[in-house]
Amino acid sequence: MSATEADFLLESRGRATDLGAWVIGLAFSRDSALAGFALGDGTLRLSEGWASVAAHDGACLAIAPDAKDGFVTGGDDGRMVRVAPDGTATELAKYGSRWVEQVATHDSGLRAAAVGKAVHLLDGKGAALKSLAHPSSVTGIAFDAKGKRIAASHYNGASLWFVAAKEDKPRLLEWKGSHTGVVISPDGTHVVTSMQENTLHGWRLADGQHMRMAGYPSKTKSLGFTAKGRWLATAGADCVVLWPFFGGGPMGKAPTELAGGDGVLCTMVACHPTQEVVAAGFGDGLVLIADIASGRVVPVAAPRGSAVSALGWNDVGSHLAFGTEAGFAGIVDLTRR
């Protein structure tokens with residue numbers, strides 16, 4: 001396949017630009033109207049006119065969509081910031097010299113920031129609700145679909161908290177080793193963490209059953225469940241690795257592999273919000289979309305020599321955005337003909 005063929009969707013249905021700095025993450029606003037690209041130079045770039053917003057004095061480290069519109073970011077300046085659709089940046093919280101390495105939000109208005117060993121919860125008005133203490137530095141946070149629980153990964157496992165509990169005592173999900181990120185299944189029945197080793201670990205919450213998903217040639221830094229929770233899509237191999245969370249899986253079940261064969265590492269995955277479709281970004285900059293049922297692969301953007309470092313869909317699944325370590329970024333409108 002030629003570069004022109006691989007770039008067909010980007011050129012015919014999208015737009016792209018060089019943002020000039022590492023794209024550490026991206027998010028679409030919950031109204032699906034705007035995409036925000038968080039950069040290593042501390043700015044947030046908005047898809048409307050590629051406008052630049054000075055969000056942090058240092059580097060952006062994390063980004064999430066805010067409750068209704070706009071974005072929430074964390075930075076190495078110790079600040080949690082909201083960026084409105086018009087580009088106005090407002091400080092929500094400041095945590096001294098500690099980096100705000102993770103942020104998470106829920107459409108109910110809840111916001112969370114991971115700072116050192118603590119997860120700080122804020123309401124929709126920016127008021128502090130509580131701080132949740134952990135035994136070691138928090139490396140990942142995720143709300144469940146209803147916003148009632150929040151999970152945090154850390155050394156030797158993960159902690160699962162009820163947000164509104166009067167007594168802040170988590171359910172500890174233990175497994176020795178360094179856990180580097182966390183996701184909760186859409187139905188709230190499973191928690192899965194990535195690890196410093198080339199493996200994933202999971203827990204079935206109903207009975208505490210452990211699930212170990214191994215065999216990766218590299219660390220898995222990107223993972224996510226498909227819309228109905230049937231599959232867990234992961235990076236970390238030279239293809240998209242999909243673990244089945246149905247029919248008794250994933251234990252005792254072999255994973256499905258999509259879009260592999262060229263030996264280049266898959267660095268990012270993003271599951272479509274309603275369909276059994278996964279977008280994937282690779283170490284050479286290639287971006288593609290794969291249908292799980294048929295295995296059909298559609299290229300989105302050609303390789304440009306820099307790894308895809310950010311990837312995401314809007315909430316209705318009409319637009320896909322991506323960014324690379326070199327700062328190249330693009331958005332594709334899949335509704336256009």
Side-chain angles (χ1 to χ4, degrees), residues 24-27 38 59-65 71-76 78 80 95 98-106 110-122 131-145 147-163 170-186 188-203 205 210-213 216 218-225 229 232-236 241 243 245 267-271 309-312:
I24 64 93
L26 67 83
C60 290
L61 300 177
I63 182 171
F71 308 95
V72 171
T73 63
D76 64 6
M80 186 183 191
Y95 302 103
R98 288 296 191 94
W99 292 6
V100 182
E101 297 192 74
Q102 306 286 334
V103 295
T105 60
H106 189 265
L110 283 171
R111 300 155 171 157
V115 184
K117 297 179 181 180
V119 173
H120 302 281
L121 293 176
L122 295 80
S131 294
L132 307 174
H134 297 81
S136 58
S137 294
V138 174
T139 55
I141 50 177
F143 284 107
D144 68 9
K148 292 184 177 181
R149 295 175 295 178
I150 187 169
S153 57
H154 46 74
Y155 194 73
N156 284 342
S159 296
L160 187 62
W161 306 79
F162 279 96
V163 172
R171 177 177 176 179
L172 293 176
L173 305 172
E174 296 180 290
W175 188 260
K176 288 185 178 180
S178 180
H179 299 254
T180 58
V182 64
V183 293
I184 304 176
S185 62
T189 60
H190 295 82
V191 172
V192 178
T193 60
S194 53
M195 297 191 68
Q196 188 67 25
E197 296 84 7
N198 301 347
T199 187
L200 307 177
H201 196 81
W203 296 264
L205 297 180
H210 290 275
M211 297 169 288
R212 187 169 174 82
M213 291 154 275
Y216 292 88
S218 180
K219 296 178 180 63
T220 300
K221 297 181 180 180
S222 178
L223 66 161
F225 281 95
L232 178 70
T234 68
V241 178
W243 294 94
F245 274 70
T267 55
M268 295 296 301
V269 293
C271 294
S309 53
L311 188 67

note = Residues His210 and Trp175: closest non-hydrogen pair is ND1-CE3, 3.5 Å
ask   = Within a strict 4.5 Å, meaning less than it, do heavy atoms of the Leu200 and Leu232 side chains meet?
value = yes
ask   = Got a sec, which residues hit side-chain hydrogen bond (donor to acceptor under 3.5 Å, both in side chains) with Ser194, two or more places apart in sequence or on another chain?
value = Thr180
query = Looking at residues at least two apart in the chain, or sitting in another chain, which of them share a ring-ring contact (aromatic ring centres under 6.0 Å, His included) with Tyr155?
reply = none
task = Go through the structure and list residues passing ring-ring contact (aromatic ring centres under 6.0 Å, His included) with Trp161, not counting sequence neighbours.
result = His134
inquiry  = Taking side-chain hydrogen bond (donor to acceptor under 3.5 Å, both in side chains) as the definition, give me every residue that meets it alongside Ser131, ordered by chain and number, with sequence neighbours left out.
reply    = His120
ask   = Quick one: side-chain contact (heavy atoms from CB on, under 4.5 Å) partners of Asn156, sequence neighbours excluded?
value = Lys176
query = When rounded to the nearest 0.5 angstrom, what distance separates OG in Ser309 from NZ in Lys221?
reply = 11.0 Å
ask   = Looking at side-chain heavy atoms only, is the closest gap between Val100 and Leu61 below 4.5 Å?
value = no
request  = Indicate the atoms forming the closest heavy-atom contact of Gly224 with Val269, along with that distance.
outcome  = N-CG2, 4.5 Å
ask   = Backbone N or O of Ala235 within a donor-acceptor pair of the Thr220 side chain at under 3.5 Å?
value = yes
request  = Answer yes or no: is there a donor N or O on one side and an acceptor on the other, between the side chain of His106 and the main chain of Gly147, under 3.5 Å?
outcome  = yes
request  = Locate the shortest heavy-atom distance separating Ala27 from Ala64; write the atom from each residue and the value.
outcome  = CB-C, 4.1 Å
request  = Quick one: list whatever passes side-chain contact (heavy atoms from CB on, under 4.5 Å) with Arg98, sequence neighbours left out.
outcome  = Val115
task = Apply the side chain to side chain contact (heavy atoms under 4.5 Å, CB included) test between Ser153 and each candidate in Val138, Leu173, Val191, Val182; give the one that qualifies.
result = Val182
Under the side-chain hydrogen bond (donor to acceptor under 3.5 Å, both in side chains) test, residues paired with His190 that sit two or more places apart = none
key: NE2 on His154 to NE2 on His179, rounded to 0.5 Å   = 8.5 Å
Over all atoms of both residues, closest heavy-atom pair of Thr139 and Gly181 = OG1-N, 4.0 Å
message = For a 4.5 angstrom cut-off between non-hydrogen side-chain atoms, does Leu205 reach Arg171?
response = yes
remark   = Sorted by chain and residue number, the ring-ring contact (aromatic ring centres under 6.0 Å, His included) partners of Phe225 (sequence neighbours excluded) come out as Phe245
note = dist Trp203:CH2 -> Leu172:CG (nearest 0.5 Å) comes out at 10.5 Å
Rounded distance [0.5 Å steps], CH2 in Trp243 versus CG in Leu223 = 12.5 Å
note = Residues at least two apart in sequence or cross-chain that pass side-chain contact (heavy atoms from CB on, under 4.5 Å) with Glu197, listed by chain then number, are Met195, Thr199
key: Side-chain heavy-atom pair Pro170, Leu160 within 4.5 angstrom cut-off   = no
query = Could you state the interatomic distance from CE (Met268) to OG (Ser222), rounded to the nearest 0.5 Å?
reply = 3.5 Å
Residues that Thr105 engages under side-chain hydrogen bond (donor to acceptor under 3.5 Å, both in side chains), provided they are two or more places apart = Arg30
message = Tell me the closest heavy-atom pair linking Ile63 and Gly25, and the distance in Å.
response = CG2-C, 3.6 Å
ask   = So, for Gly74 and Val103, which heavy atoms are closest and what is the spacing to 0.1 Å?
value = N-CG1, 3.9 Å
inquiry  = Has Thr234 got a side-chain atom pairing as donor or acceptor with Val241's backbone, closer than 3.5 angstrom?
reply    = yes
message = Could you check whether any side-chain heavy atom of Met80 comes within less than 4.5 Å of a side-chain heavy atom of Leu122, counting everything from C-beta outward?
response = yes
key: salt bridge (charged side-chain N to carboxylate O under 4.0 Å, His left out): pairs with one or both residues in residues 149-158, sequence neighbours excluded   = Asp144-Arg149
